[in-house]
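We name chains A, B, ... by the order of the sequence lines, and we start the count at 1 in each one.
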Number of protein chains: 2
Amino acid sequence: MFTPLFNHLKKYISLTTDEEEIIKSYLQVSTVANKEYILQQGQVCQANYFIVNGCIRKYFTTEQGTEQIIQFAIDNWWITDYTSMDFQQPSLYTIQAVEESEIIILKKSIEEELFQRVPVLERYFRIILQRAFAASLNRIHYIYSLSGEERYRHFNNAFPDFVQRVPQYMLASYLGFTPEFLSKIRARKG
Amino acid sequence: MFTPLFNHLKKYISLTTDEEEIIKSYLQVSTVANKEYILQQGQVCQANYFIVNGCIRKYFTTEQGTEQIIQFAIDNWWITDYTSMDFQQPSLYTIQAVEESEIIILKKSIEEELFQRVPVLERYFRIILQRAFAASLNRIHYIYSLSGEERYRHFNNAFPDFVQRVPQYMLASYLGFTPEFLSKIRARKG
DNA sequence: CAAAAATCTTAATCTTGTTCAAGAAAGGCG
DNA sequence: CGCCTTTCTTGAACAAGATTAAGATTTTTG
């Protein structure tokens with residue numbers, strides 16, 4: 001159960017056996033059912049979540065009542081609301097499972113203590129945040145430089161298997177247009 | 001000259017006098033004129049840049065030849081292209097001064113050595129990347145939930161002094177619409 | 001297996017913002 | 001100070017994608 005996480009850690013840092021044991025002792029393991037909530041809009045986010053397997057989405061509800069997806073997380077990704085967690089503010093976002101998922105929980109309340117005992121984790125998170133930040137700017141790049149249709153085709157090429165995994169209306173939301181428009185695009189060509 | 005950087009560092013971590021001296025010995029200071037390039041599209045990004053004062057933009061050129069601004073950085077922000085720097089790939093972006101600016105340069109080539117000598121810097125960058133990543137997702141939130149006009153009004157309220165600082169066509173680009181449209185918005189009301 | 005819930009499609013109409021094109025202001029420099 | 005470059009504005013024609021509404025299909029569950 002912890003294997004995927006430690007494999008991921010070892011891509012970026014080295015750990016002694018002792019350190020591995022310490023880390024394990026600070027983590028919790030959990031299974032969430034499809035549609036189960038990990039965080040609901042208005043709650044203060046209390047943990048960082050590592051997806052062992054499954055699929056999780058983070059979204060908010062617009063004034064018109066539609067759901068807007070901000071992020072997807074699948075196997076080997078972390079998901080949380082850093083704004084809510086860092087400032088202990090109510091979150092604007094809801095985090096919810098899109099498939100039954102196995103997750104590992106790193107609670108904010110003990111994170112500092114863990115980082116003190118295993119400081120190399122600061123490095124691990126620095127590096128993966130660097131990647132996540134770059135990916136996010138990259139996404140802004142695509143939003144601004146491609147049309148909706150181009151964005152869909154590009155995403156489809158880049159992550160063909162992921163596209164199969166989530167309902168199309170969620171994909172449309174993530175890509176920033178309506179499900180009706182996605183339908184239209186798909187009708188135009190395979 | 002180093003004072004703003006160390007003040008920023010001290011917001012997130014504590015440093016001994018020794019550590020401060022080590023850090024200083026790894027940094028370079030530079031002044032860039034308005035319109036001077038720090039990185040040009042196609043080059044491999046070799047450093048992370050801290051803005052002591054001034055204003056820097058990061059943008060790319062679309063197929064139609066228009067410039068699309070992805071990021072602004074002002075006093076006390078770092079700017080770089082992490083994708084290019086981490087993977088030593090040619091950058092898709094150009095980083096250019098929008099005002100005469102004083103910057104501090106942390107070169108990729110000596111970054112690792114510095115982090116080994118002052119490991120608490122990993123923590124500093126972890127925290128500021130957490131903020132930067134959150135801000136970037138927040139920006140995606142705004143792009144998806146607000147109209148162009150709403151985005152402009154919101155930005156104008158949030159950063160009134162910054163709006164005065166850059167040409168409107170750059171602001172329009174950053175907000176994701178044309179300068180003509182920004183003109184139209186401004187004509188509608190204050 | 002049947003009924004209910006969730007998801008996807010189609011088409012007509014409407015909005016937001018783009019594109020072009022041209023001129024008006026403003027700013028910087030010799 | 002006057003010219004040249006940069007920036008800003010305006011308006012008409014147009015395009016991308018939203019909205020609404022209805023029906024079709026698929027999936028889930030009792």
Side-chain angles (χ1 to χ4, degrees), chain A residues 32-37 55 57 59-69 72 94 96-100 140 142-156 162-190, chain B residues 33-37 55 57 59 61-69 72 94 96-100 140 142-156 162-190:
Chain A
V32 285
N34 186 14
K35 299 193 184 168
E36 194 174 318
Y37 296 108
C55 183
R57 65 172 178 153
Y59 67 92
F60 66 93
T61 304
T62 65
E63 295 187 353
Q64 299 86 46
T66 62
E67 290 174 357
Q68 178 57 60
I69 296 177
F72 277 116
T94 295
Q96 184 196 36
V98 169
E99 294 173 2
E100 172 162 325
I140 292 176
Y142 285 128
I143 293 172
Y144 280 161
S145 64
L146 302 181
S147 70
E149 172 155 11
E150 288 168 326
R151 237 146 54 226
Y152 169 70
R153 306 254 182 241
H154 179 272
F155 192 84
N156 220 358
F162 180 79
V163 170
Q164 300 306 107
R165 228 164 128 173
V166 298
Q168 283 178 40
Y169 71 91
M170 286 192 193
L171 193 60
S173 169
Y174 178 77
L175 291 174
F177 45 73
T178 59
E180 291 87 347
F181 184 61
L182 179 48
S183 238
K184 212 176 286 183
I185 291 171
R186 284 161 50 89
R188 298 219 256 263
K189 194 195 90 192
Chain B
N34 186 15
K35 297 191 185 172
E36 193 173 320
Y37 296 107
C55 184
R57 66 172 177 153
Y59 66 92
T61 305
T62 66
E63 295 188 351
Q64 299 86 44
T66 61
E67 291 173 356
Q68 178 57 60
I69 297 177
F72 278 116
T94 295
Q96 184 195 34
V98 169
E99 294 172 1
E100 172 162 325
I140 292 176
Y142 285 128
I143 293 172
Y144 280 160
S145 64
L146 303 180
S147 69
E149 171 155 11
E150 289 168 328
R151 237 147 54 227
Y152 169 70
R153 305 255 183 240
H154 179 272
F155 193 86
N156 218 0
F162 181 77
V163 171
Q164 299 306 108
R165 227 163 130 173
V166 298
Q168 282 178 40
Y169 72 92
M170 288 194 191
L171 193 60
S173 169
Y174 178 77
L175 292 174
F177 45 72
T178 58
E180 291 88 345
F181 184 61
L182 178 48
S183 236
K184 220 172 280 184
I185 290 170
R186 284 161 50 89
R188 297 219 255 264
K189 192 195 94 192

From CZ of A:R188 across to P of D:dG17 the rounded distance in Å is 8 Å
Inset, instruction - For the residue pair B:Y59 and B:M170, establish whether any side-chain heavy-atom pair is separated by less than 4.5 Å. - result: no
Atom CG of B:N34 and atom C1' of D:dT6 are separated, to the nearest Å, by 12 Å
Whether each nucleotide of nucleotides 5-11 of chain C has a protein heavy atom under 4.0 Å at its base (B), only at its sugar-phosphate (S) or at neither (-) is summarised, 5' to 3', as --SSBB-
Rounded to whole Å, CG of B:L146 lies from P of C:dG17 at a distance of 10 Å
When A:K35, A:R165, A:R57 are each screened for salt bridge (Lys or Arg N to Asp or Glu O under 4.0 Å) with A:E99, the one that passes is A:R165
In whole angstroms, the gap separating C1' of D:dT7 from CG of B:L171 amounts to 13 Å
Q. Taking only N and O in the side chain of B:S147, is any of them less than 4.0 Å away from OP1 or OP2 of C:dT16?
A. no
### Task
Would you confirm whether B:T94, through its side chain, and B:Y37, through its main-chain N or O, come within 3.5 Å as a donor-acceptor pair?
no
Contacts of A:E180 meeting salt bridge (charged side-chain N to carboxylate O under 4.0 Å, His left out) (sequence neighbours excluded), chain-then-number -> none
Sorted by chain and number, sequence neighbours left out, side chain to side chain donor-acceptor pair (under 3.5 Å) with A:E36 holds for none
Axis-to-axis angle across the helix from C:dC1-D:dG30 to C:dG30-D:dC1, five pairs each end, nearest 10 degrees, ~ 50°
Residues at least two apart in sequence or cross-chain that pass salt bridge (charged side-chain N to carboxylate O under 4.0 Å, His left out) with A:E150, listed by chain then number, are none
Do B:Y144 and A:I143 come close enough that some side-chain heavy atom pair is under 4.5 Å? yes
Taken in chain and number order and not counting sequence neighbours, the residues that satisfy ring-ring contact (aromatic ring centres under 6.0 Å, His included) with A:Y174 are A:F72, A:F155
